[in-house]
Amino acid sequence: MTYDIIVVGGGIGGSALAAVMARAGRSVLLLEKSLVYEDKVRGEWIAPWGVTETQRLALYDALIDAGGHHLSSHVTYDETRDPAEAEEHALQLGMFAPDVPGPLCIRHPVHCQTLFDEAREAGACALRGVDVQAIELGRAPSVTYVYNGELRTEHAPLIVGAEGRQSVVRRAAGLTLHQDKPHHWFAGLLVDDVGAWNDTRQAIGTEEDFAFLAFPQGNGRMRVYGGWDLAAKTRFAGSEGPRRFLEAFRMKSAPGNEAIAGGTPASPLYAYYNNCAATDQPYVPGAVLIGDAAGWNDPILGLGLSITYRDVRLVSDILKETPAGREPDFRPYAEERSERMRRLRIASEMQAKLDMEFGEEARARRRRYHEATATDPMLGLHGVATLAGPEAVPAEIFELAHVARVVGA
């Protein structure tokens, strides 16, 4: 059978694109490998600019109905700051995007299933338990896969790679992925029974040899992340790793973290590198990549979902505007994404330098930064880029001179 579009990967990006294009009247085949979406500690936080993208794609209401939880304030704790002062200067998160009260949190497996169901309800042929065997591009793109023990080959003028970092579509397209050198370990854990914590407040902080991020999901549930030095590879390994991980959250500079440390681990604890990656371009004739398949930003900024939703919106707009029988022109998407990811890479480098380095020199750097931003808010605009979008701040924020001012180089 021939479809208008075949989407490989039924996670966030693939299911979102399939839903949008099926609603637009296109015939879509959506192929997902897993039978059940598992908790693999993937992103669950959507920045305000990413929430705007879900609204433009008409997917926001489905996420809210599935349990999406908005956050409205942010606190940055640090061993160089008094915690009461940090809380007094809590950042209000409803200012960064029109009609968006703040970041949106939703558990990743629920998020995936919600969008997969949306795609199916919109009319996409959405299949689970698919094993992709081969992808052919060129003049007659096709995907060969096994489903229910049957070998099938389907054709479409466009194959969308939405299957993440190990994208088979990217390999079939011959697109090279360039990865930066990792700079620290990062891990995430879902925690239940978090007691005395304002469930509309997110927080980050650094103390001694550990940095944390905390994102409540409501009803005593929270997704937390932690970062530590690359040399301590096995710090939280083993069966007791999740409990040791939570114990690391006990900080004098963030006394409220006692509620996190006293919580109950509710997911696996996976550790991974923090780094950025990019392709030279996210498309070739007959194929286009979205989300992590096209390259990713350092997870320290938590922008994987926002980036993916922007990708989906730009690609779907191009496809809807392309007349039948014509090859879509993805150059505007490639150009916007390249500049977007360049800016976010620089923003993440600044954030990592500030939050994910340890020792006396790093501590002094953070102290200088916090003192300086009190009189020069321009120094914190990379944070605005994270929340409002990289295009929302002046271009000079991403120039070397400004970076040097921020990190004290």
Worked verdict on S72 versus H70 for side-chain hydrogen bond (donor to acceptor under 3.5 Å, both in side chains): CA-CA 7 Å; S72 59; H70 276 292; over 6 Å; no

Verdict with reasoning, D39 to R223, per salt bridge (charged side-chain N to carboxylate O under 4.0 Å, His left out): CA-CA 11 Å; D39 190 328; R223 179 68 75 177; 2.8 Å; yes

Steps toward side-chain hydrogen bond (donor to acceptor under 3.5 Å, both in side chains) verdict (D192, T264): CA-CA 5 Å; D192 281 339; T264 304; over 6 Å; no

Verdict with supporting geometry, E207 and Y77, side-chain hydrogen bond (donor to acceptor under 3.5 Å, both in side chains): CA-CA 9 Å; E207 186 173 300; Y77 295 101; over 6 Å; no

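Look at R343 and E391 and you find no salt bridge, because none of the NZ, NE, NH1 or NH2 atoms lies under 4.0 Å from a carboxylate O. Contact check on E79 versus R363 returns a salt bridge, with a Lys/Arg side-chain nitrogen under 4.0 Å from an Asp/Glu carboxylate oxygen. Between R366 and E361, none of the side-chain N atoms (NZ, or NE/NH1/NH2) sits under 4.0 Å from a carboxylate O, so this pair counts as no salt bridge. Classification of E357 and R365 as a salt-bridged pair holds, one side-chain N sitting under 4.0 Å from a carboxylate O. Residues R235 and D209 are paired through a salt bridge, judged by an N-O separation under 4.0 Å between the basic side chain and the carboxylate. A salt bridge links D311 to R340: at least one charged side-chain nitrogen sits closer than 4.0 Å to a carboxylate oxygen. Salt bridge R345/E349: present, at least one basic N to carboxylate O contact under 4.0 Å. Under the 4.0 Å criterion applied to side-chain N and carboxylate O atoms, K33 and D131 are not assigned as salt-bridge partners. Under a 4.0 Å N-O distance rule, the pair E87/R201 does not qualify as a salt bridge. With respect to D78 and R367, no salt bridge is recorded, no charged nitrogen being found less than 4.0 Å from a carboxylate O. Under a 4.0 Å N-O distance rule, the pair R250/E258 qualifies as a salt bridge.
Between F186 and W228, a ring centre-to-centre spacing not shorter than 6.0 Å is recorded. Less than 6.0 angstrom separates the ring centroid of Y273 from the ring centroid of W185. No close placement of the F358 and F210 rings is indicated, their centers lying 6.0 Å or farther apart.
In this model, a donor atom of one side chain and an acceptor atom of the other lie less than 3.5 Å apart for H183 and D298.
Both tests do not hold together for R152 against Y147: distance to the six-membered ring centre under 6.0 Å, angle to the ring axis within 45°.
Remark: E399 engages no residue in a side chain to side chain donor-acceptor pair (under 3.5 Å) (not counting sequence neighbours). E371 pairs by the salt bridge (charged side-chain N to carboxylate O under 4.0 Å, His left out) definition with nothing, not counting sequence neighbours.
In this structure a side-chain-to-backbone donor-acceptor pair under 3.5 Å is present from S306 to A47. Side chain of R23 to main chain of A58: a donor-acceptor pair is present (N/O by atom type, distance under 3.5 Å, no hydrogens or angles).
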